[in-house]
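Notes follow the structure.
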Amino acid sequence: MAVRLLLAPAAAGKTAYVVELARDAARGLASTPRVVVPAHLQARAWRRRLAEAGGAIGVRVLTFDELYAECLNAAGEAYTELSEPVQYRLIRAVVDGLSLEHYAPLAARPGFIGVLQRLIAELKAARVHPDRFLEAVDALGGEPRLRELALAYAAYQERLQAQGWADRAGLGWLAVEALERRAPRVGHGWSLLVVDGFDNLTSVQLALLQLLAGRATETVVTLTGTAGDEGRPLVRRRFDETRQKLEAALGVKGEPLPPRPPLEGQAPALAHLEACLYRAPA
């Protein structure tokens with residue numbers, strides 16, 4: 001299984017390079033290369049660039065949410081995904097069923113449920129299980145403001161599991177568990193898996209990528225940056241942290257983008273912006 005983490009500055013040809021990789025991988029027709037991008041807007045742009053490059057049959061351009069669904073389907077597991085309004089009403093019902101004290105003045109307000117929605121999504125993206133969250137809160141002294149949040153998270157997750165439901169954030173968690181425990185063959189036979197255009201990855205995304213990279217014939221991840229970025233503009237620290245996480249998860253070192261297309265093709269205006277944006281004061 002070949003795994004590569006390709007580094008290059010902004011607008012230096014990373015997407016153009018992996019577009020050609022996907023086209024090459026799709027020429028056999030029996031192959032279905034998969035390309036994962038951050039959002040549907042980037043997916044449309046990627047498909048447009050693929051068409052402009054000459055097109056290819058069978059290249060799948062996905063978001064991580066769509067990749068989670070594909071993995072779950074391949075594993076033979078089905079869940080009813082809650083829409084955000086339904087999830088909101090479920091969290092409201094859970095909160096109404098708890099005897100909150102610290103948050104009692106806020107519990108009836110719509111904004112409180114919205115905050116809980118975002119908190120639950122962040123916890124699931126970081127693969128923080130409700131029981132672990134509650135244990136951590138208790139280990140810190142069981143502060144009421146944290147303990148009530150932990151209890152709400154646990155009660156909400158229990159309701160989901162009892163009904164066979166899943167929220168959007170939880171689909172990634174379920175996909176990782178399915179591939180780890182019940183579907184060891186999902187991803188085998190994939191000719192190419194590309195992850196392009198990200199500046200950060202959640203713990204769940206990293207876990208899924210680690211599993212699939214060990215199964216696909218070739219995995220390529222692109223990231224903005226170059227070797228030796230330490231001490232460079234502050235804006236690059238985010239990319240540097242992401243690079244370190246990817247290197248640890250995939251067991252590879254970042255390498256420069258191959259010289260097709262050439263790195264010197266970077267747009268001068270973008271090169272100047274990247275070099276100067278948020279530069280640390282001397």
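A salt bridge between Glu52 and Arg49 is absent, with no side-chain N of the basic residue lying under 4.0 Å from a carboxylate O of the acidic one. Taking 4.0 Å as the cut-off between side-chain N and carboxylate O, Glu247 and Arg243 count as a salt-bridged pair. By the 4.0 Å N-to-carboxylate-O rule, Asp196 lies too far from Lys14 to be salt-bridged with it.
A donor and an acceptor atom, one from each side chain of Glu70 and Tyr68, are nowhere located under 3.5 Å apart. Residues Trp46 and Gln42 have side chains that never bring a donor and an acceptor to within less than 3.5 angstrom of each other. There is a side-chain donor-acceptor pair under 3.5 Å between Gln117 and Gln87.
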Margin query: Apply side chain to side chain donor-acceptor pair (under 3.5 Å) to residues Tyr79 and Glu81 and explain how you reach the verdict.
Written below: CA-CA 6 Å; Tyr79 295 89; Glu81 182 183 352; over 6 Å; no

Next on the checklist: Quick one, Leu192 with Leu21, criterion side-chain contact (heavy atoms from CB on, under 4.5 Å). Give me CA distance, side-chain angles, the key distance, then yes/no.
Outcome noted: CA-CA 8 Å; Leu192 176 67; Leu21 284 184; 4.2 Å; yes

Could you walk me through whether Phe64 and Phe198 pass the ring-ring contact (aromatic ring centres under 6.0 Å, His included) test, one step at a time? CA-CA 11 Å; Phe64 263 108; Phe198 289 83; 5.4 Å; yes

For this session: Please step through salt bridge (Lys or Arg N to Asp or Glu O under 4.0 Å) for the pair Arg238 and Glu241, ending with a clear verdict.
Result: CA-CA 5 Å; Arg238 181 181 183 88; Glu241 291 171 357; over 6 Å; no

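Between the side chain of Glu148 and the backbone N or O of His102 there is at least one donor-acceptor pair closer than 3.5 Å.
Side-chain contact between Thr15 and Thr222: absent, with no pair of heavy atoms (C-beta onward) separated by less than 4.5 Å. Put simply, the side chain of Ile113 reaches to within 4.5 Å of the side chain of Val95, judged on heavy atoms.
Cation-pi check for Arg215 over Trp190 is not met; the charged atom does not lie both under 6.0 angstrom from the ring centroid and within 45 degrees of its normal.
Heavy-atom neighbours of Arg92 CZ from other residues, nucleotides or ligands within 6.0 Å: above the threshold of 12.
Of the residues Asp138, Leu134, Leu151, Val137, the one that meets the side chain to side chain contact (heavy atoms under 4.5 Å, CB included) test with Leu146 is Val137.
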